[in-house]
Amino acid sequence: ALALLALSGCDKKAEGQVVAVVDGEEITAQEVNGALGAAAVQGEPNQQMRNAALNQLIDRRLLAAVARDEGVESSPEYILRKRQLEENLLVQMMGEKLAR
């Protein structure tokens with residue numbers, strides 16, 4: 001219900017590669033496909049799997065918005081963990097680039 005409220009509460013409409021808009025933020029088909037890939041979906045995902053992945057993305061966006069509203073992103077622990085995650089992602093992606 002909260003997801004539907006957030007989706008209906010904004011003026012922006014989902015168009016083209018955009019499959020949903022949550023609090024003015026777009027969720028694209030590429031993000032849904034990425035979530036399906038991260039879940040190691042075997043074979044071609046059906047519409048039910050796509051809907052489940054989309055619902056998870058919507059839930060994550062809504063929870064992240066609540067965390068921002070609560071000031072979590074300005075805490076020292078968040079800042080440190082964000083930096084570590086960014087560095088790990090950069091190292092991982094560089095390794096993938098070198099492997100190609």
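Everything quoted here is computed from the prediction, not taken from an experiment.
Distance alone, capped at 3.5 Å, is enough to place a donor-acceptor pair between the Glu31 side chain and the Thr28 backbone. Formation of a donor-acceptor pair under 3.5 Å by the Arg61 side chain with backbone atoms of Asp23 is not found in this model.
Summarising the local packing, CD of Glu77 is surrounded by 12 or fewer heavy atoms from other residues, nucleotides or ligands at distances under 6.0 Å.
Under the rule for a side chain to side chain donor-acceptor pair (under 3.5 Å), the partners of Asn51 that lie at least two apart in sequence or sit in another chain are Gln47.
Expressed to the nearest 0.5 Å, how far CE of Met93 lies from CD of Glu96 amounts to 6.5 Å. To the nearest 0.5 angstrom, Ser75 atom OG is 9.0 Å from Arg81 atom CZ. Between Asn55 atom CG and Arg50 atom CZ the span is 14.0 Å, to the nearest 0.5 Å. To the nearest 0.5 Å, atom CG of residue Asp59 and atom CG of residue Leu63 are 6.5 Å apart. The structure places CD of Glu86 at 11.0 Å from CD of Gln84, a figure rounded to the nearest 0.5 Å. We find the CG-CD distance between Leu54 and Gln56 to be 10.0 Å, quoted to the nearest 0.5 Å.
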- [ ] Take Gln17 and Gln30, measure what side chain to side chain contact (heavy atoms under 4.5 Å, CB included) needs, and give me the verdict at the end.
- [x] CA-CA 8 Å; Gln17 290 292 314; Gln30 184 178 6; 5.7 Å; no

Task: Intermediate values then yes/no, side chain to side chain contact (heavy atoms under 4.5 Å, CB included), Ile58 and Ile27 - done: CA-CA 8 Å; Ile58 291 169; Ile27 297 177; 3.8 Å; yes

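Pairing each heavy atom of Glu73 with each of Ile79, the nearest pair is O-CG1, 4.0 Å.
Taking 4.5 Å as the limit, every side-chain heavy atom of Leu57 sits out of range of all side-chain heavy atoms of Val19.
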